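Keep in mind that what you see is a predicted model, and the values were worked out from it rather than measured.
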Amino acid sequence: MQRLLFPPFRALKGRQCLQLLAPRAAPRAQCDCIRRPLRPGQYSTISEVALQSGRGTVSLPSKAAERVVGRWLLVCSGTVAGAVILGGVTRLTESGLSMVDWHLIKEMKPPTSQEEWEAEFQRYQQFPEFKILNHDMTLTEFKFIWYMEYSHRMWGRLVGLAYILPAAYFWRKGWLSRGMKGRVLALCGLVCFQGLLGWYMVKSGLEEKPDSHDIPRVSQYRLAAHLGSALVLYCASLWTSLSLLLPPHKLPETHLWLRRFAHGTAGLVFLTALSGAFVAGLDAGLVYNSFPKMGESWIPEDLFTFSPILRNVFENPTTVQFDHRILGITSVTAITVLYFLSRRIPLPRRTKMAAVTLLALGYTQVGLGISTLLMYVPTPLAATHQSGSLALLTGALWLMNELRRVPK
């Protein structure tokens, strides 16, 4: 673990190639890092390009820089996973609407005195969730849900800092290639967009709806968008990290069909996780708490009660739960087929390990989902099921990365 997260000190300080490099026409005989002659004006590392533009900084060799950037993105993907898990717990404890305004800096300081807490509680009492659902809530109970939402927001800021500050440092040091610069800019932009989308989602649960007496909740569309963007950020960060840290295998072109099947399976896993946002947003896990049938039938009668029919897919709790079941069963079936197909051909040991891990995660996730449904969605089990979807997506990405094409 230490070698994974921190490069060897010699790679940072003790090699002959760690020096200020200038344009040169031929390699020096004593440098082990240069294996072929360079044309005039050609540079052997990412760092030398930065030197040509006027930034004379001592930089790592390109391979060492890639390892550092890869470990950084691996840590970033871990922080995003933490935000997704914490966000799921925040929703399950119905804490997401406890903070009724949004300030980038001001809200970082929580209330400290009794007067400040009472003022914060009074602001919360002006919104529908207190009036309809929590009208008998005490200040102590309010503090719990407030701190849950506060923790989620502060963790989101930590995610932003984990991306933006190191990115600026690596950019200045010249450790990012041209293609990596574009990717890092996109990741940092997605982090900022994710924060704004989170507040846009919360606002939908704070709006007054005079014609509705339903429990106040955020829009399931905005919740799905918020979760979906977080999953995209996680997948992009993890994929880039694995591509930088794990050397690709030289697989025969005859394995192209297996690679495509793995991509399709990962897409199914992603879509199933995204459909879980609609289940959560509509509390669809509470409508039919039986398995494998839904009530007394395989196909419930109220599957298409809304008009037009397409509305049922996103707004009818029965249809949303039915779709999530179908997607889950389809995903684990595809994972099983992928595993048995991978056993029929010779694959590297690491690739086989990824396939076995994905299979184990798939059946564990199905077991968690069924248990959550049958036990009427207890918070600890539901949070574990939501975390399991992220673990399953991680396994699918790992296998995809193991099967990726070797660049020519």
Side-chain angles (χ1 to χ4, degrees), residues 74 77-78 80-85 87-88 190 194 220 223-243 246 255 257-281 284-285 291 313-314 320-343 347 350-373 381-404:
L74 186 62
S77 63
V80 175
V84 172
I85 294 170
L190 188 55
Q194 173 71 1
Q220 69 271 24
L223 176 60
H226 187 48
L227 176 63
S229 63
L231 293 178
V232 169
L233 178 63
Y234 175 77
C235 291
S237 302
L238 183 62
W239 176 268
T240 305
S241 172
L242 294 177
S243 299
L246 299 179
H255 295 353
W257 58 272
L258 183 64
R259 184 183 300 123
R260 290 176 176 172
F261 194 88
H263 287 195
T265 302
L268 269 174
V269 172
F270 183 93
L271 189 60
T272 305
L274 191 60
S275 74
F278 288 93
V279 175
F291 190 87
V313 177
F314 306 106
V320 166
Q321 188 193 121
F322 181 81
D323 291 343
H324 191 61
R325 290 184 183 215
I326 297 300
L327 284 170
I329 294 171
T330 306
S331 296
V332 78
T333 302
I335 289 171
T336 305
V337 173
L338 180 61
Y339 170 75
F340 283 107
L341 290 176
S342 68
R343 287 176 57 89
L347 291 173
R350 202 176 66 205
T351 307
K352 290 182 178 180
M353 187 182 303
V356 172
T357 302
L358 180 61
L359 182 71
L361 289 171
Y363 280 93
T364 300
Q365 178 66 355
V366 168
L368 286 171
I370 295 173
S371 301
T372 302
L373 185 69
L381 195 56
T384 305
H385 180 55
Q386 292 181 358
S387 304
S389 66
L390 204 59
L392 185 60
L393 187 58
T394 302
L397 285 173
W398 180 23
L399 183 57
M400 272 180 57
N401 195 271
E402 293 292 336
L403 296 171
R404 74 184 187 274

Side chain to side chain contact (heavy atoms under 4.5 Å, CB included) assessment of Ser342 paired with Thr351: CA-CA 9 Å; Ser342 68; Thr351 307; over 6 Å; no
Stepwise, does the side chain to side chain contact (heavy atoms under 4.5 Å, CB included) test hold for Ser243 with Arg404? CA-CA 9 Å; Ser243 299; Arg404 74 184 187 274; 4.2 Å; yes
Start with the C-alpha gap between Val279 and Gln220, add the side-chain angles, then the distance that decides, and say whether side chain to side chain contact (heavy atoms under 4.5 Å, CB included) holds. CA-CA 8 Å; Val279 175; Gln220 69 271 24; over 6 Å; no
Does Leu359 form a side chain to side chain contact (heavy atoms under 4.5 Å, CB included) with Val332? I'd like the steps, not just the answer. CA-CA 8 Å; Leu359 182 71; Val332 78; over 6 Å; no
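Between Val313 and Val320 the shortest heavy-atom distance is O-CG2, 3.4 Å. The two atoms that bring Glu402 and Ala354 nearest to each other are CG-CB, 4.2 Å, heavy atoms only. The minimum heavy-atom distance between Leu373 and Gly285, with the atom names listed, is CD1-O, 3.6 Å. When all heavy atoms are compared, the tightest approach of Ala224 to Leu274 is O-CD1, 3.4 Å. In this structure, Phe261 and Ala334 approach most closely via the heavy-atom pair CE2-O, 3.4 Å.
Counted by atom type alone, His385 and Thr372 present zero donor-acceptor pairs between their side chains at under 3.5 Å.
Atoms OG1 and CG, from Thr394 and Leu399 in turn, are 12.5 Å apart once rounded to the nearest 0.5 Å. Residue Leu341 holds its CG atom at 4.5 Å from CH2 of Trp257, rounded to the nearest 0.5 Å. To the nearest 0.5 angstrom, Leu258 atom CG is 6.5 Å from Leu347 atom CG. Rounding to the nearest 0.5 Å places OG1 of Thr357 at 6.5 Å from CG of Leu361. Taken from CD in Gln194 to CG in Leu227, the straight-line distance is 8.5 Å, to the nearest 0.5 Å. Here the CG atom belonging to Leu238 is positioned 12.0 Å from the CG atom belonging to Leu231, to the nearest 0.5 angstrom.
Checked by atom type and distance alone, the side chain of Ser389 pairs as donor or acceptor with a backbone atom of Gln386 at under 3.5 Å. Thr240 contributes no side-chain N or O that, together with a main-chain N or O of Ser237, makes up a donor-acceptor pair within less than 3.5 Å.
Residues passing the side chain to side chain contact (heavy atoms under 4.5 Å, CB included) test with Phe314 are Tyr221, Phe278, Leu310, sequence neighbours excluded.
The number of heavy atoms from other shown groups lying within 6.0 Å of CZ (Arg350) is above 12.
The side-chain heavy atoms of Tyr339 and Val356, taken from C-beta on, include a pair separated by under 4.5 Å. For the pair Val232/Leu190, a side-chain contact is recorded, criterion being any heavy-atom separation below 4.5 Å from C-beta on. Residues Trp398 and Met353 are in side-chain contact: their nearest non-hydrogen atoms beyond the backbone lie under 4.5 Å apart.
Each of Thr265, Thr336, Thr272 was compared with Ser331 under the side-chain hydrogen bond (donor to acceptor under 3.5 Å, both in side chains) criterion, and only Thr272 meets it.
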